[in-house]
Amino acid sequence: MIITLSWLRNHLNINANLTKIIDKLTEIGLEVEGIKESHGELADFKVAKVLRAEKHPNADKLKLCEVSLGDGKIIKVVCGASNARNGLISVYAPPGSIIPKTKMKLKIAKIRGVESHGMLCSESELNISNESDGIIDLKNREKDIGKNYFKSKKEKSIDVAITPNRPDCLGVRG
């Protein structure tokens, strides 16, 4: 499981440094497989609201979403996530962003005849977890629309091995 350091600090309300956190994880029987550090590519990811999600005119499993960053401008995004719906608050990556998991640089592209300006992201694509069933659903984050999703441009992630006897550790709160 991959956990960003800022996310872990937020959920646990701690200010411990990285070394202390790794030591504590090891003390409770978890193996820290590695530390990843991203350098600046996370600054582009924004909290966004799906204003409207409707079936793509030329594809059964795609949706055409109208996305807002709170500035009054509407962005058209083609999305394949089944949970894309009206009113969903999620994470938007604009053209030019680099997706952390695949290292793919986004560009404006025509998908089945419709131009898509960026993408809505899953936790897996952002290296937050292995969850790839749909885009991130940020409940109660309406006030954050347009703000950066990641707190800083540099973000450290902790890769923790979860053994079958520790299902309580499959989430940050666990």
Side-chain angles (χ1 to χ4, degrees), residues 1-12 18 21-22 25 30-50 53 56 59-65 67 69 75-109 111-112 116-141 144-145 147-164 166-174:
M1 180 170 73
I2 299 171
I3 308 166
T4 62
L5 189 57
S6 65
W7 195 38
L8 186 64
R9 283 186 174 140
N10 183 39
H11 282 282
L12 298 179
L18 182 61
I21 290 171
I22 291 170
L25 289 170
L30 299 175
E31 180 185 350
V32 175
E33 291 185 327
I35 305 298
K36 298 176 185 176
E37 185 170 358
S38 61
H39 299 283
E41 68 261 14
L42 300 177
D44 294 333
F45 296 88
K46 305 284 184 194
V47 176
K49 182 176 185 173
V50 177
H56 190 291
D60 291 334
K61 294 186 179 183
L62 295 177
K63 293 181 181 176
L64 182 55
C65 299
V67 177
L69 295 175
I75 304 160
K76 302 264 188 195
V77 177
V78 175
C79 180
S82 59
N83 69 330
R85 65 184 182 280
N86 296 352
L88 177 76
I89 309 292
S90 192
V91 179
Y92 168 73
S97 303
I98 297 173
I99 303 301
K101 183 173 188 166
T102 61
K103 303 297 182 207
M104 178 180 76
K105 186 173 185 175
L106 296 180
K107 60 183 179 183
I108 297 172
I111 302 173
R112 296 277 180 117
S116 181
H117 297 261
M119 70 183 280
L120 297 169
C121 303
S122 70
E123 290 182 4
S124 173
E125 291 161 334
L126 297 180
N127 276 339
I128 294 172
S129 77
N130 293 328
E131 181 62 47
S132 60
D133 291 338
I135 53 178
I136 296 173
D137 185 351
L138 299 173
K139 293 174 177 52
N140 304 319
R141 296 280 300 266
D144 294 331
I145 293 172
K147 294 182 182 175
N148 288 346
Y149 177 67
F150 293 102
K151 299 236 184 274
S152 68
K153 292 182 181 180
K154 287 187 176 183
E155 184 73 62
K156 290 187 180 178
S157 300
I158 304 169
D159 190 359
V160 180
I162 306 296
T163 55
R166 293 302 307 263
D168 59 313
C169 297
L170 288 173
V172 175
R173 292 267 180 205

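The figures that follow rest on heavy atoms only: side chains count, while hydrogens, waters and symmetry mates do not.
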Subject >> Full working for side chain to side chain contact (heavy atoms under 4.5 Å, CB included) between Leu88 and Leu120 >> reply: CA-CA 11 Å; Leu88 177 76; Leu120 297 169; 5.9 Å; no
Subject >> Intermediate values then yes/no, side chain to side chain contact (heavy atoms under 4.5 Å, CB included), Lys46 and Asn148 >> reply: CA-CA 4 Å; Lys46 305 284 184 194; Asn148 288 346; 2.4 Å; yes
**OP:** May I have the step-by-step check of side chain to side chain contact (heavy atoms under 4.5 Å, CB included) for Ser116 and Val77, ending in yes or no?
**Re:** CA-CA 5 Å; Ser116 181; Val77 177; 4.0 Å; yes
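Residues Phe150 and Pro100 are not in side-chain contact: their nearest non-hydrogen atoms beyond the backbone lie 4.5 Å or more apart. Val91 places none of its side-chain heavy atoms less than 4.5 Å from the side chain of Arg141. Contact check for Ile35 versus Ile22: side-chain heavy atoms found under the 4.5 Å cut-off. Residues Val78 and Arg112 are not in side-chain contact: their nearest non-hydrogen atoms beyond the backbone lie 4.5 Å or more apart. Residues Ile158 and Leu18 are in side-chain contact: their nearest non-hydrogen atoms beyond the backbone lie under 4.5 Å apart.
Considering all non-hydrogen atoms of both residues, Asp44 and Ser97 come closest at CB-OG, 3.3 Å. The minimum heavy-atom distance between Leu62 and Gly80, with the atom names listed, is CD2-CA, 3.7 Å. The two atoms that bring Ser122 and Gly134 nearest to each other are CB-O, 3.2 Å, heavy atoms only. Residues Ile111 and His56 approach most closely at O-NE2, 3.0 Å, considering heavy atoms. The shortest heavy-atom contact between Ile99 and Ala93 is CD1-CB, 4.2 Å. Closest approach of Ala161 and Leu30 over heavy atoms only: O-CD2, 4.2 Å.
In this structure, the side chain of Asn86 engages the main chain of Ala53 through a donor-acceptor pair within 3.5 Å. Counting only distance, with no hydrogens or angles, the side chain of Asn83 and the backbone of Ile135 share a donor-acceptor pair below 3.5 Å.
Legend: salt bridge (charged side-chain N to carboxylate O under 4.0 Å, His left out) pairs involving residues 116-125, not counting sequence neighbours: none detected.
The 12-atom threshold is not exceeded at CG of Asn130, counting heavy atoms of other residues, nucleotides or ligands nearer than 6.0 Å.
Checking Ile89, Leu138, Val67 one by one against Ile145, the side chain to side chain contact (heavy atoms under 4.5 Å, CB included) holds for a single residue, Ile89.
The OH atom of Tyr149 sits 8.5 Å away from atom OG of Ser90, with the distance rounded to the nearest 0.5 Å.
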